[in-house]
Structure formats: C-alpha cells, structure tokens
Amino acid sequence: TPTCEPETPLCCRRDHYVDFQDLGWRDWILQPEGYQLNFCSGQCPPHLAGSPGIAASFHSAVFSLLKANNPWPLGTSCCVPTARRPLSLLYLDRDGNVVKTDVPDMVVEACGCS
Amino acid sequence: QGAESVCPSCGGPTLEPQAERALVLELAKQQILEGLQLTSRPRITHPPPQAALTRALRRLQQGSVAPENGEEVISFATITDSSTSTCSSMLTFHLPTPRSYHLYHARLWLHVLPTLPGTLSLRIFRWGPRRKRRGSRVLLAEHQMTTPGWHALTLPSSGLRAEEPGVLKLRLDCRPLEGNSTAARQPRWLLDTTGEQRPFLELKTRPNEPGAGRARRR
C-alpha cells in the first residue's frame, strides 16, 4: 500500500505514531511506549475496485483495465484495511496487577479498495 | 479547516493538522480501551514499587513465551496476617476480573532470606471464607527449600479459584526441618513477604474458546 502523501488522492495508508505520553497514559501502560495508529483513506475509482492495494499481479492489472473500460461501474468501492497485526501491551490494572496481553487487529498494515 | 484542500476520501474540507492530531489521539484512546475491554483507563490505587516491578518482569522475561491470544498476569501479594511464627503468612491477591479465559499455568514466587537454617518445608493452602469457626483451607502444594533467594513454586491451576470475585488468599505454613535443631529454635524471619521482594503470583491464561487447541493443531 502506498503511504499517503498530501497530494495522493487514491486509496492509501495514512500513518500516525501515537506516543502514550501524549495520552498521559505512561503511568499505566508499561510497554510499548507508543504504537502506529494507521488508517486508510483515499478514493477508489471503479478500475481500482477489488484491488488488493499492494503490488498487483499482471492478471489484476488487466482486470483493472477491463473494469476501467466498463462504462457501468458496479457500485462504489471503499478504501479499507486489507492487513492488520496485533499489538502486545504490558499494563497495570486498577489493582496494581501487571497484565501482558495481545490486542488483535490493532495496527493497520495495508489498505485496499473493497 | 483548510479552505483549498479537499479530503481525498469524502471530498469534504480537510482538518487543520492540530485538529487532525487531536482526533487521532482521541481515536487511539478509544481503540486501546476497546482492545483491552475497558470502559475507562484504570485508576491505580496501589501501584507496586518500581523495584519490585522491575525484578518481577526481569524474572518473567527469562524464557517465558507469551501465550498466543492469551494473557500473562503478575499479581503482587498484600500481607494480611503475618503471624508470629517465623514464616507463616496469609497472602492476599487481588486478581483481574476473570474474563472468559482458562488458567493453565500458575507459579508463586517467594524470596527466602539468607537466615534459612538448612531445609525449609513449606505448605501452601488456598484459604476460603470462614465457615463455622475456622476458615476452610485446601492444600495446594508442598515444597522443600534448601537455598535462600527466589523460588518459583508451581501451583495446580485448577485449585486457584478465587473465592470472592478477584480475591485469592493463600496461607503459607512452613517450618524448618529438623537436623539443625539449634537454628530451628531461634525464631527468625525466613520469608521476605514485604517490600521490594514481596511474593507474587505468575499466571498464564488462554481464551476459553471450545476446541481452541484443536484449531491450533489443525
């Protein structure tokens, strides 16, 4: 997935690093110090619909050309996460216990057009 | 609201960078609380001493593999009744509210002081609420220790059901074994149950999904 540049209108991944210090949560989240809060944004014109959003194969390039030349776009397509990974957190709960847990699907790694 | 720039997704006006940053921080808070199934950030009333925390985490990092999709918990003991004997104590643990998780690994970490005279026999009981006169107690494990320092004592995870929600009481009954009778008579503290080397429980849980193990094997 291309990372969004200011002028990128097409579907891309917008990266934001959140430092837990900025949230004032360093007193209870022990590890890590922050995490990537990425999200997907951008347009999905018809010929990009259904594209995986990563290096497409020759087949999907041809498929996209066929769709682009199809005068009747099949409904709208949205820019959505296509790959996510868990985030491992070490934190203190309200009783002072240390809890280590993996929160699934926390970090968006790739975006694509639905 | 930037006048000329347009949001590439919805065509509306884009946010000023500061406004976007504030929105991202708010989103991060929501996402983390949802991920941890919390309604608000925990207000920690009794944070463990930093030194105890650092030591406990260092002990766990040696060779511990985080359970897949599971949780690891370190719970520090509060001492509710250090009786007059040399090392019998009542340890109280305030465990996290049990989610639909299955406890499969439990160890009690104790620090034995250098005053240890020879071999120490230690019995660990789970202490239930008072029925009739005496508290009900279930023997969980029996260990013998011959060296001072930290000891990780395995407990049967099936026996660690918290009586009241989240509160687990363990009774330590220990006595120096014969052999060094002179030392056995001198009542001295043998277990470090307070301060930076206080006991802690190490628990590992995994989701309760039915057949989780089968799915993983498949």
Side-chain angles (χ1 to χ4, degrees), chain A residues 4-12 14-32 34-45 76 78-80 84 86-108 111 113, chain B residues 5-11 14 20-29 31-38 40-49 52-54 56-57 60 64 66-76 78 93-97 99 101 166-167 200-205:
Chain A
C4 293
E5 300 303 333
E7 63 287 343
T8 314
L10 294 183
C11 179
C12 57
R14 191 171 297 278
D15 290 357
H16 278 278
Y17 179 75
V18 175
D19 189 320
F20 294 132
Q21 191 69 42
D22 297 346
L23 303 181
W25 282 7
R26 272 281 183 82
D27 62 322
W28 68 282
I29 296 182
L30 306 174
Q31 286 292 328
Y35 82 111
Q36 283 294 130
L37 189 156
N38 306 330
F39 55 90
C40 303
S41 83
Q43 289 154 13
C44 281
T76 54
C78 306
C79 182
V80 293
R84 292 190 282 193
L87 174 69
S88 196
L89 282 176
L90 188 71
Y91 66 95
L92 287 176
D93 73 3
R94 65 166 185 264
D95 296 310
N97 297 312
V98 181
V99 183
K100 178 178 178 186
T101 189
D102 287 344
V103 184
D105 294 340
M106 271 294 268
V107 182
V108 172
C111 303
C113 291
Chain B
S5 60
V6 170
C7 167
S9 274
C10 61
T14 55
E20 181 175 7
R21 186 67 187 159
L23 184 64
V24 164
L25 294 184
E26 212 37 53
L27 277 174
K29 286 185 178 179
Q31 196 185 27
I32 287 168
L33 292 177
E34 256 169 47
L36 296 178
Q37 297 174 27
L38 297 174
S40 62
R41 57 145 293 167
R43 297 289 163 202
I44 299 142
T45 47
H46 306 294
L53 195 53
T54 309
L57 292 176
L60 292 187
S64 94
E68 185 190 335
N69 288 342
E71 275 189 351
E72 270 184 87
V73 177
I74 296 176
S75 187
F76 290 94
T78 47
F93 298 91
H94 294 272
L95 302 180
T97 38
R99 292 191 282 189
Y101 275 26
V167 177
F200 63 89
L201 266 182
E202 171 203 351
L203 307 171
K204 290 186 182 175
T205 60

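By convention in this document, chain letters (A, B, ...) are assigned in the order of the sequence lines, proteins followed by strands, and residues within each chain are numbered from 1.
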Contact between B/S75 and A/D95 at the side-chain level, heavy atoms closer than 4.5 Å - yes or no?
no
Heavy-atom contact with chain A under 4.5 Å, split by part of B/I32
both
Side-chain contact, heavy-atom cut-off 4.5 Å: B/L36 with A/V99?
no
The reported gap from CD in B/Q31 to OH in A/Y35 (rounded to nearest 0.5 angstrom) is 3.5 Å
So, the part of B/E20 with a heavy atom under 4.5 Å from chain A: the answer is side chain
Is B/L38 in contact with chain A via its backbone, its side chain, both, or neither, using a 4.5 Å heavy-atom distance?
side chain
Identify which part of A/L89 has an atom lying under 4.5 Å from any heavy atom of chain B, answering side chain, backbone, both or neither.
side chain
Taken to the nearest 0.5 Å, the spacing of B/R43 CZ from A/D27 CG works out to 8.0 Å
Roughly how far, to the nearest 0.5 Å, is CG of A/D22 from NZ of B/K29?
10.0 Å
Specify which of B/T45, B/L201, B/L27, B/V73 makes the most heavy-atom pairs with chain A at under 4.5 Å.
B/V73
Atom CH2 of A/W25 and atom CG of B/L33: how far apart are they, to the nearest 0.5 Å?
4.0 Å
So do B/R41 and A/L23 actually touch side chain to side chain, heavy atoms under 4.5 Å?
no
Nearest non-hydrogen partners of B/P42 and A/D93, listed with the distance:
CB-C, 4.0 Å
For the residue pair A/N97 and B/F93, establish whether any side-chain heavy-atom pair is separated by less than 4.5 Å.
no
